[in-house]
Amino acid sequence: MENLKSKRKVLRTSVSQLFTRIENEIKNTNVNKCSLEESLKLLTVKAEELSKLDLQIEELLDSDSFEAEFEASQDYAERINIWKFRAERKLNELTGSSESMNDKQVVRLPKLTIPKFNGDSLYWNSFWNSFRVAIHDSTSLSKVEKFNYLRSYLSANALRAIEGFSISDENYDSVVEILKNRFCRRDIIIHAHMNKLPNLPPCIDLMI
């Protein structure tokens, strides 16, 4: 396991450097679109590698150390998602900066990758972080529009949890709270994650 942790430490350092690189590119007055796209692709690849390492390490942990390790991994994954979507949002701005319709700004759903959420608490954080950055925090969208987008990204148990609510400004905040209270409970997320670990393939501790 120590070899895996050492490998993860190196990978996290590389990812943190990408955070800084993306931040500097976004702040630049003349953004280099190609450079930003390259940074985003690298971050996506490294995020996948890091996720696999986290799962391998968690599989080897005892119950006493699992919770702290899991929370640290989730915090770092959230940072990755935030910077991925900041980069994607900037790229969308650059792509659409010259587009107009009758000299009036047209509000469109950001072209960001948002995973559908079916009610599995294990994937709540990933879904909500993506949706929050792309839609929920947007100042260009009304709550009715946000509600419509939210419904479109829900399925199965998650969608059934809010079926009784009509689409309105008032109900948007209510359904968000209902989803958080039902699927964002820390104990349920940890329990779901621990249940998944026995189904993973055996871990191979690679010597590097």
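For clarity, every value in this text was computed on a predicted model and none was experimentally measured.
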Are the aromatic ring centres of F131 and F127 under 6.0 angstrom apart? yes
Kindly indicate, with the supporting measurements, whether the criterion side chain to side chain contact (heavy atoms under 4.5 Å, CB included) is fulfilled by I80 and L50. CA-CA 10 Å; I80 291 174; L50 196 54; 3.8 Å; yes
Here the gap from E49 atom CD to D54 atom CG, rounded to the nearest 0.5 Å, amounts to 12.0 Å
So, Y76 versus S16: side-chain donor-acceptor pair below 3.5 Å or not? yes
Using only atom types and a distance under 3.5 Å, with no angle test, would you say the side chain of N32 pairs donor to acceptor with the backbone of S35? yes
Do R132 and E78 sit within salt-bridge range, that is, some charged N less than 4.0 Å from a carboxylate O? yes
Considering only residues two or more places apart or on different chains, which pairs with a residue in residues 155-174 satisfy ring pair (Phe, Tyr, Trp, His ring centres under 6.0 Å)? H136-Y172
List the steps and the verdict of side chain to side chain contact (heavy atoms under 4.5 Å, CB included) for L150 and K146. CA-CA 6 Å; L150 178 59; K146 293 176 182 179; over 6 Å; no
Pair K84 + E88, salt bridge at N-O below 4.0 Å: no
Shortest non-hydrogen separation from A87 to I22 and the atoms involved: CB-CG2, 4.0 Å
Between S130 and S126 (side chain of the first, backbone of the second, donor and acceptor by atom type, cut-off under 3.5 Å), is there such a pair? yes
Interatomic distance, R12 atom CZ to L53 atom CG [nearest 0.5 angstrom]: 9.5 Å
How many angstroms lie between atom OG of S73 and atom CD of E69, to the nearest 0.5 angstrom? 4.5 Å
Output the distance between atom CD (E2) and atom CD1 (I57), rounded to the nearest 0.5 Å. 9.0 Å
Is there a donor-acceptor pair under 3.5 Å between the side chain of E145 and the backbone N or O of S142? yes
Quick check on K180: does its NZ atom have over 12 non-hydrogen neighbours (other residues, nucleotides or ligands) under 6.0 Å away? yes
Closest non-hydrogen atoms of R86 and I26, given as atom of the first, atom of the second and distance, are O-CD1, 3.8 Å
Contact between I114 and I135 at the side-chain level, heavy atoms closer than 4.5 Å - yes or no? yes
For K52, look at atom NZ and say whether over 12 heavy atoms of other residues, nucleotides or ligands are found less than 6.0 Å away. no
For L4 versus Q56, what's the shortest heavy-atom pair and its separation? CD2-OE1, 3.6 Å
Does L179 reach the side chain of W124, with side-chain heavy atoms less than 4.5 Å apart? yes
Within the structure provided, determine whether K7 and N3 are in side-chain contact (heavy-atom separation under 4.5 Å). no
Would you kindly say whether K46 and S14 are connected by a side-chain donor-acceptor distance under 3.5 Å? yes
Among V176, L141, D173, N171, the one residue meeting side-chain contact (heavy atoms from CB on, under 4.5 Å) with F147: N171
Looking at side-chain heavy atoms only, is the closest gap between N148 and V144 below 4.5 Å? yes
Are E93 and K90 close enough for a salt bridge, meaning some N to O gap below 4.0 Å? yes
Nearest-0.5 Å distance, CZ of residue R160 to CG of residue L154: 11.5 Å
Which pair of non-hydrogen atoms, one from A134 and one from S138, has the smallest distance, and what is that distance? O-CB, 4.2 Å
Can you confirm whether F117 sits close enough to F183 that some side-chain heavy atom of one is under 4.5 Å from a side-chain heavy atom of the other? yes
Any carboxylate oxygen within less than 4.0 angstrom of a Lys/Arg side-chain nitrogen, looking at E25 and R21? yes
CG/N129 to CD/Q74 distance, rounded to the nearest 0.5 angstrom? 8.5 Å
Between K41 and E48, does any NZ, NE, NH1 or NH2 come within less than 4.0 Å of an OD or OE carboxylate oxygen? no
For the residue pair R79 and F19, would you count it as a cation-pi contact if the rule is NZ or CZ under 6.0 angstrom from the ring centre and within 45 degrees of the ring axis? no
